[in-house]
Amino acid sequence: MTKEKKVIAVDLGGTKLSVALVDANGSISNRRKILFERRDISGCVEKIVQSIRELVDADALGLIVPGIYFAESGHVWAPNLWGDEQVPLRAELERFVTVPIIIDSDRAGYILGEHWLGAAQGLKHVVFLSIGTGIGAGILADGRLVRGSGDIAGAVGWFAFTSHEQDRYMQVGCWEAEAAGPALARRGRSGSAEEVVAAARQGDPAAKAAVAETAEYIAMGIANIVSILNPEMIVLGGGLMQAGDLFLDKIKSRIGTWAQPLAARQVRIELTRLGEDAGLLGAASLALNYSGL
């Protein structure tokens with residue numbers, strides 16, 4: 001009898017590490033989530049290896065990272081983890097892991113997961129927009145993942161909306177500075193986006209105004225994506241979209257104001273169906289579809 005294919009899925013975030021064993025049907029087992037502080041590459045690899053040590057019955061390992069993965073070199077640029085330095089993540093992992101290792105950006109993982117088992121099943125032209133501490137987009141065009149000439153495609157947080165330069169625009173990009181979680185916290189004069197969301201749910205006028213202004217910026221950026229790529233669907237996920245019910249109607253109502261009108265009428269805007277599992281299932285998809293298996 002043919003052995004059922006299983007892979008280790010690893011979703012590496014800025015403050016947490018999620019791992020699981022995933023089979024070819026997308027069934028998740030041995031799931032665990034670990035919080036950890038920022039550390040150097042050796043410490044991070046050690047944490048990953050410790051987390052997957054018991055998951056020995058696997059054919060490959062799929063890993064997504066919060067940054068840019070350069071497939072040719074195996075290096076990763078992830079400022080939230082290792083600053084502005086590119087680190088040799090694949091080579092470091094290969095010192096300890098014997099199965100094939102397939103790595104990609106988290107935004108690539110999210111769109112692959114949602115396309116496999118989420119809201120985007122059966123579609124060919126889809127964007128997964130992750131809005132949390134930062135903003136990034138995973139892009140499928142004609143059913144194929146778009147990475148760009150330097151593996152940087154999807155860095156939409158750098159969309160520009162004004163000619164007035166600000167320091168925070170130079171650091172994270174204009175759209176991210178105006179539409180991600182920290183922007184909502186800043187507008188709501190609060191320590192976190194979660195606090196603003198909670199206040200808005202309780203009817204606080206200032207918090208509701210902060211949500212509305214942030215939603216307007218989100219809609220403007222989505223409109224740019226719609227006009228550029230003409231996707232069938234944009235799936236919204238990430239930490240801020242855990243409060244997607246507060247944002248979705250506002251975003252949908254404003255897309256037509258900013259986007260190419262025919263493309264705006266064609267596109268569907270949906271919240272993720274997979275939630276946090278989008279990353280794990282995307283990492284698993286990378287490994288399951290590895291040509292060496």
Side-chain angles (χ1 to χ4, degrees), residues 6-24 26-28 31-34 44 48 51-52 55 58 60-71 74-78 80-81 89-90 93 97 99-121 123 126-141 143-148 151-157 233-239 241-242 270-291 293:
K6 291 184 179 181
V7 297
I8 299 169
V10 180
D11 181 358
L12 177 61
T15 58
K16 55 86 181 172
L17 172 67
S18 297
V19 303
L21 200 62
V22 182
D23 67 20
S27 296
I28 298 174
R31 182 204 304 264
R32 65 201 67 177
K33 183 176 180 179
I34 302 161
C44 188
I48 293 172
S51 301
I52 66 174
L55 307 180
L61 183 150
L63 168 67
I64 60 171
V65 296
I68 299 169
Y69 176 65
F70 301 99
H75 284 56
V76 168
W77 181 78
N80 287 337
L81 289 173
L89 180 58
R90 187 174 63 202
L93 279 170
V97 179
V99 297
I101 300 168
I102 304 88
I103 305 174
D104 215 318
S105 69
D106 54 3
R107 54 182 180 259
Y110 297 150
I111 186 60
L112 291 175
E114 207 71 40
H115 186 250
W116 181 22
L117 292 170
Q121 292 179 73
L123 303 182
V126 189
V127 175
F128 186 102
L129 185 63
S130 178
I131 308 175
T133 304
I135 295 180
I139 304 167
L140 279 185
R144 303 183 67 176
L145 192 63
V146 176
R147 291 189 171 87
D151 296 313
I152 305 173
V156 295
M233 179 183 288
I234 293 180
V235 183
L236 303 180
M241 289 300 104
Q242 291 181 18
E270 303 284 349
L271 295 176
T272 173
R273 291 184 190 170
L274 301 178
E276 290 188 352
D277 285 348
L280 279 177
L281 290 170
S285 177
L286 288 167
L288 287 165
N289 291 296
Y290 172 63
S291 60
L293 295 184

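Not measured: the values here are computed from a predicted model.
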Any heavy-atom pair between the side chains of [Y] and [X] that's under 4.5 Å?
X      : Y      : value
Ile64  : Ile103 : no
Glu270 : Val126 : no
Leu12  : Cys44  : yes
Leu112 : Asp104 : no
Leu63  : Leu89  : yes

Quiz item: Between Leu129 and Val235, does a side-chain contact (heavy atoms from CB on, under 4.5 Å) hold up when you go through it step by step?
Solution: CA-CA 6 Å; Leu129 185 63; Val235 183; over 6 Å; no

If you measure from [atom1] on [X] to [atom2] on [Y], what distance do you get to the nearest 0.5 Å?
X      : Y      : atom1 : atom2 : result
Ile234 : Phe128 : CD1   : CZ    : 12.0 Å
Asp151 : Trp77  : CG    : CH2   : 13.5 Å
Asp277 : Tyr110 : CG    : OH    : 11.5 Å
Gln242 : Thr272 : CD    : OG1   : 10.5 Å
Ile101 : Leu286 : CD1   : CG    : 13.0 Å
Ile52  : Leu93  : CD1   : CG    : 7.5 Å

Can you name the nearest heavy-atom pair linking [X] to [Y], along with the distance?
X      : Y      : result
Arg273 : Glu114 : N-OE2, 2.9 Å
Ala287 : Gly62  : CB-N, 3.6 Å
Val22  : Ile28  : CG2-CG1, 4.1 Å
Trp116 : Ser285 : CE3-CB, 4.1 Å
Gly13  : Pro66  : C-CG, 4.0 Å
Ala9   : Ala284 : CB-N, 3.9 Å

Exercise. In sequence, state the C-alpha distance, the side-chain angles, and the governing distance for Val7 and Ile102, and then conclude on side-chain contact (heavy atoms from CB on, under 4.5 Å).
Key: CA-CA 11 Å; Val7 297; Ile102 304 88; over 6 Å; no

Exercise. Only one of Arg147, His75, Arg90 passes side-chain hydrogen bond (donor to acceptor under 3.5 Å, both in side chains) with Tyr69; say which it is.
Key: Arg90

Self-check item: Steps toward side-chain contact (heavy atoms from CB on, under 4.5 Å) verdict (Ser51, Ile34)
Solution: CA-CA 8 Å; Ser51 301; Ile34 302 161; 3.0 Å; yes

Quiz item: Can we say Lys33 and Asp11 salt-bridge, meaning some charged N sits less than 4.0 Å from an Asp/Glu carboxylate O?
Solution: no

Exercise. I would like to know whether Met233 and His115 meet side-chain contact (heavy atoms from CB on, under 4.5 Å); could you show each step before the answer?
Key: CA-CA 11 Å; Met233 179 183 288; His115 186 250; over 6 Å; no

Quiz item: For the side chain of Arg107 and the backbone of Ile139, is there at least one donor-acceptor N/O pair under 3.5 Å apart?
Solution: no

